[in-house]
There are 2 protein chains.
Amino acid sequence: MAPTTPPVPLPRYLQLMWGVETGGRRGPKPGRTIQDIGAAAVAVADRDGLAGVSMKSVAAELGLTTMSLYRYVDSKDELYAVMLDTAYGRPDPGLTTRGSWRTRLERWARAIAAVRLEHPWTVTVPLGEPPATPNTARWTEAGLGSFTGTKLDAQQRFSSLLLIDGFVQQHIRQSLTLGFLGEGGQTLAGSDSYPENLYSVADPKEFPLLLAGAGEALADEAPDDDFFATELDFGIRTILDGIAVQVEAASR
Amino acid sequence: MAPTTPPVPLPRYLQLMWGVETGGRRGPKPGRTIQDIGAAAVAVADRDGLAGVSMKSVAAELGLTTMSLYRYVDSKDELYAVMLDTAYGRPDPGLTTRGSWRTRLERWARAIAAVRLEHPWTVTVPLGEPPATPNTARWTEAGLGSFTGTKLDAQQRFSSLLLIDGFVQQHIRQSLTLGFLGEGGQTLAGSDSYPENLYSVADPKEFPLLLAGAGEALADEAPDDDFFATELDFGIRTILDGIAVQVEAASR
DNA sequence: CCTCACTGTGTATGTCGCATACTGTGAATG
DNA sequence: CATTCACAGTATGCGACATACACAGTGAGG
C-alpha cells in the first residue's frame, strides 16, 4: 500500500497540510503557512466564538486582505477543516501504549474530551465530510492503538472510536445548548429561562411529569457544580462497558 | 404551580404555538397560522435540505414576501424552533404506558430515531437554546413516563433522556458526514474519497493501523448494508444497559 | 356611525458573508 | 534576459438576515 496519486488531485489545503512537494514554484513565496492560517482561525474562534470566524476576520488576524486567504483555502469549509486540525493538535505519543485496552481507550477518550473542552466550538463546526487532515488521522491512529491485543475487527474498532468521540461531542454540544457550559469551556449554572417559560404556558394537566421534574431538579442545590463531569464520566463508562461486551465476544 | 406571567413576555412565536390569547386584536387577521409556517419550512427542508431554508424560500412557499414572514417569527433562530417542533410532531400517546421501564424507554428511543430519520436535517439545526415549544415538551413528557415506577430522581431521568436522544442525533449526524446516510434518510454505501485521499499522502510508517484498518474495512463486502441500523441498535442497547445499572442502584 | 389606533402585508434599503474575476508585482525558470 | 507563474490586492456580484417605513383594512370606542 504505497502512496499513490489519486485520479482527482488533492485540494491545495491538504497538499499544504501534508507537506506534499509540488515541484518548481515560480512566483513569490507564500507569506504565510497553512499552520499560520489554522492558528489565526483558532485564535478568532477562541476569542469570538465560531460565529466570529469569517474570511474577513481570519484574514485580518493574519494581516491579509480577505481575498488573499483564498490562496490557502478554496472555501470556508476548507478553512473549517484546517481550524479543526489545528485545534486537535497532535495526540500525546504515549496515549495508547500502556495498560489494558480499556485503560488505553479511556485515556484516549479523556484526552479528546479535554481538547474539545478547550475549544468547545469544535463541536459546532458544520461538517460536510470527514476531514482528511494529519492530526485527525493521528488521533484515529492513536485510538486504534487501544485495540491492539483484542480480536475486534476493523469495522468494530472504527465504530467504537466514533461512538466515543460522538458521545463527547454530543455531551459538549448539549451542555452548550442547555447553558451548562460557556463558549470558553467554563461550567455554568444553566439557563433558567427555559423552565420559566414553560411554567407560564404549559398546562399541569398535560405536563405533570415535566413540570414536577423541572421543579424538583431546580430545587436541588448545586446539581450543576460538577454536572458536566458526572455526566461525561457516566457516558464514557457506559460506552466502555458496551465495548467490553464485544471484546469478550470476539475473544471466544 | 399555576401558570404565571413571566417578567419578560414570551416571544410571539411561542405565544402563537401555545395558543396564548392576547386580547382584542384590532387590525386585519393573520393570513397564515404558525402551523402553516412550520409546515412550509419543513417542506422546504425535506425537499432542498436545511441549506435551502431561507426566509425567502419559506416565505415563497407560503405565498408571502420575505419580510412578511417576520410577522410570525422574529428571527431565523425562531423559525428553526418552529420547524423542529413541526418535524417532531406529537408523540404517540401510548408510547410509554405499557411494559417495563426498559421497554417503554426503548420504544421512546426508537420513535425519536424514526422521526429524526424522516427529517435528518433536524440533527444539523444550529441551536442556541433548547426550544420551549409544545411538541418538544410533549416528547419530554412522554419520555419521562418511561421512568414511572423507578426510583430515579428527576435529574437522572432528564439526563437519561438527553443521553438517548443525544446518541440518536450524533449517530445520524455522523452517518450523514461519513456518507452512510443521504439527506433524505436513505442508507448509502459511504464515501470512498476519504480513505482514497489518505492513501495518497499518509506514510504507512506513521499510520500503520489506520491504513491497514481502512483496507480491511473496505475489503469487507456489504458492511454498510444495515450498518446504520446495527450501530443504532448497539448504541441504544448499551445506553439502556447503563441506565439499568442506575435503576438497580436507586431501587435499593 | 365615524374616528382612529393597531395589525398584517408589501417595498425599499442596509449590512454582512462568501466567492468569482481580474490587475499588478516580483521571483525563478530556461 | 525574457517569459512564466504564483502571491497579494482591488473590484464586484450575489444572496442572506434584518431594520425602517408606507399602505391598507379591521375593529374598538365615543
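- Side-chain N/O atoms of B:Trp121 and B:Asp46 include a donor and acceptor closer than 3.5 Å.
- Among the protein residues, B:Pro28 comes within range of the nucleic acid bases, having at least one heavy atom under 4.0 Å from a base atom.
- Note on B:Lys29: a side-chain N or O is less than 4.0 Å away from OP1 or OP2 of D:dG27.
- Taking atom NZ of B:Lys56 as the reference point, atom P of C:dT11 lies 13 Å away to the nearest angstrom.
- Within the 3.5 Å criterion, the main-chain N or O of A:Val53 finds a donor-acceptor partner in the side chain of A:Lys76.
- A donor and an acceptor atom, one from each side chain of A:Gln170 and B:Arg173, are located under 3.5 Å apart.
- The shortest non-hydrogen separation linking A:Pro120 to A:Gly184 is CG-C, 4.1 Å.
- For the segment residues 37-49 of chain A, the set of residues with a heavy atom within less than 4.0 Å of an atom of DNA chain C is empty.
- Using cut-offs of 30° and 60° on the angle between ring planes, the pair B:Phe227 and B:Phe180 is tilted.
- In terms of position on DNA chain C, the residue among B:Arg26 and B:Gly63 whose nearest nucleotide sits closer to the 5' end is B:Arg26.
- Taking the nucleotide of DNA chain D with the nearest heavy atom to each of A:Arg32 and B:Val53, the more 5' of the two is matched to A:Arg32.
- Distance from the side chain of A:Arg12 is smallest for D:dC7 among the nucleotides D:dT4, D:dG9, D:dC7.
- Contacts between residues 65-80 of chain A and DNA chain C, defined by a heavy-atom separation below 4.0 Å, involve A:Met67, A:Tyr70, A:Ser75, A:Lys76, listed by number.
- A donor-acceptor contact closer than 3.5 angstrom is absent between the side chains of B:Tyr88 and B:Arg138.
- Between A:Glu61 and A:Arg47, at least one side-chain N (NZ, or NE/NH1/NH2) sits under 4.0 Å from a carboxylate O, which counts as a salt bridge.
- Of all heavy-atom pairs spanning B:Leu117 and B:Leu181, the tightest one is CD1-CD2, 3.8 Å.
- Out of C:dG8, C:dA28, D:dC17, the shortest distance to the side chain of B:Met55 is found at D:dC17.
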